[in-house]
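On a predicted model such as this, the values are computed, not experimentally measured, just so you know.
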Amino acid sequence: MITQTNRLIIRPFTEQDCDALYLMNSNPAMLKYIPTAAFTSREQAVELFHQVIQADYQQHGFGRWAVEHKADNKVIGFCGPKFLPEFNEVELGYRYFPEYWGTGIGTEAASAALAEFKRFGIEQTIALILEGNLCSEGVAKRVGMHWREQNEFMGHKVNIYDKVL
């Protein structure tokens, strides 16, 4: 486990989370502001787990973390750091199933995750938020991040927020 709050456990993903990873990456509502194509098979989630998430854990000592809801013991999304070579910076990223939107979980998880970043040698972080994603911008602001600039990522305009930890 990385950390926990009253409602959440934040922990590394395991292979048992591949079903949740598939659902997160195939749900159109969750992908509205994500510049990638929706998954069409569970095998893509298994590949994501092995080729990206585990590879990040091994290479950097950190990567996206599963957010588990204590009330129902379900992985409800992710929150955590990812090194972005395009910017040579570590991004705080987060995404949750729609049924948990508007409940404060995004801010709760982001705040708890940020509190652990220094333990992984992360002194500063950014958030890349696709233009128009006001809810994600709200989470970034509520955890003390400040707008830095507009840029482009994967062919899309993004607002970049940052925070020195």
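- In this structure, F62 and F117 have side chains that are not in contact, with every pair of non-hydrogen atoms separated by 4.5 Å or more.
- At a threshold of 4.5 Å between non-hydrogen side-chain atoms, the residues H69 and I105 count as touching.
- The shortest side-chain heavy-atom distance between L84 and E89 does not fall under the 4.5 Å cut-off.
- Put simply, CD1 on I10 and CD1 on I2 are 9.0 Å apart, with the number rounded to the nearest 0.5 Å.
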Go through it in stages, so that I can follow the logic: the residues are N73 and E68, the test is side-chain contact (heavy atoms from CB on, under 4.5 Å), and I'd like the CA-CA distance, side-chain angles, deciding distance and then a yes or no. CA-CA 6 Å; N73 297 317; E68 187 176 316; 4.1 Å; yes

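- Note: F153 and F87 have tilted aromatic rings, judged against thresholds of 30 and 60 degrees for the angle between ring planes.
- In this structure the side chain of Y57 reaches within 4.5 angstrom of the side chain of W65, judged on heavy atoms.
- Between the CG atom in L31 and the OG atom in S26 there is a gap of 7.5 Å [rounded to 0.5 Å].
- With rounding to the nearest 0.5 angstrom, the CZ atom of F97 is 7.5 Å from the NZ atom of K74.
- Looking at heavy atoms from C-beta onward, W101 lies out of side-chain contact with C135 at the 4.5 angstrom threshold.
- More than 12 heavy atoms of other residues, nucleotides or ligands shown are found within 6.0 angstrom of CD on Q4.
- Between Y161 and the options R148, H146, E137, a side-chain hydrogen bond (donor to acceptor under 3.5 Å, both in side chains) holds for only E137.
- Salt bridge E91/R64: present, at least one basic N to carboxylate O contact under 4.0 Å.
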Please determine whether side-chain contact (heavy atoms from CB on, under 4.5 Å) holds for the pair W147 and N159, giving the CA-CA distance in whole Å, both sets of side-chain angles, and the decisive distance to 0.1 Å. CA-CA 7 Å; W147 185 85; N159 286 307; 3.0 Å; yes

Test M24 against V75 for side-chain contact (heavy atoms from CB on, under 4.5 Å), laying out the working first. CA-CA 10 Å; M24 274 182 248; V75 172; 3.9 Å; yes

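- In this structure the side chain of M145 reaches within 4.5 angstrom of the side chain of T125, judged on heavy atoms.
- Within 6.0 Å of NZ in K70 there are more than 12 heavy atoms belonging to other residues, nucleotides or ligands.
- To the nearest 0.5 angstrom, L128 atom CG is 11.0 Å from S136 atom OG.
- Atoms CD and SG, from E43 and C18 in turn, are 10.0 Å apart once rounded to the nearest 0.5 Å.
- The side-chain heavy atoms of I53 and L21, taken from C-beta on, include a pair separated by under 4.5 Å.
- Residues V139 and Y96 are not in side-chain contact: their nearest non-hydrogen atoms beyond the backbone lie 4.5 Å or more apart.
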Test H50 against E15 for side-chain contact (heavy atoms from CB on, under 4.5 Å), laying out the working first. CA-CA 8 Å; H50 289 289; E15 192 151 7; 3.1 Å; yes

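- Note: T14 OG1 to F49 CZ = 6.0 Å, rounded to the nearest 0.5 Å.
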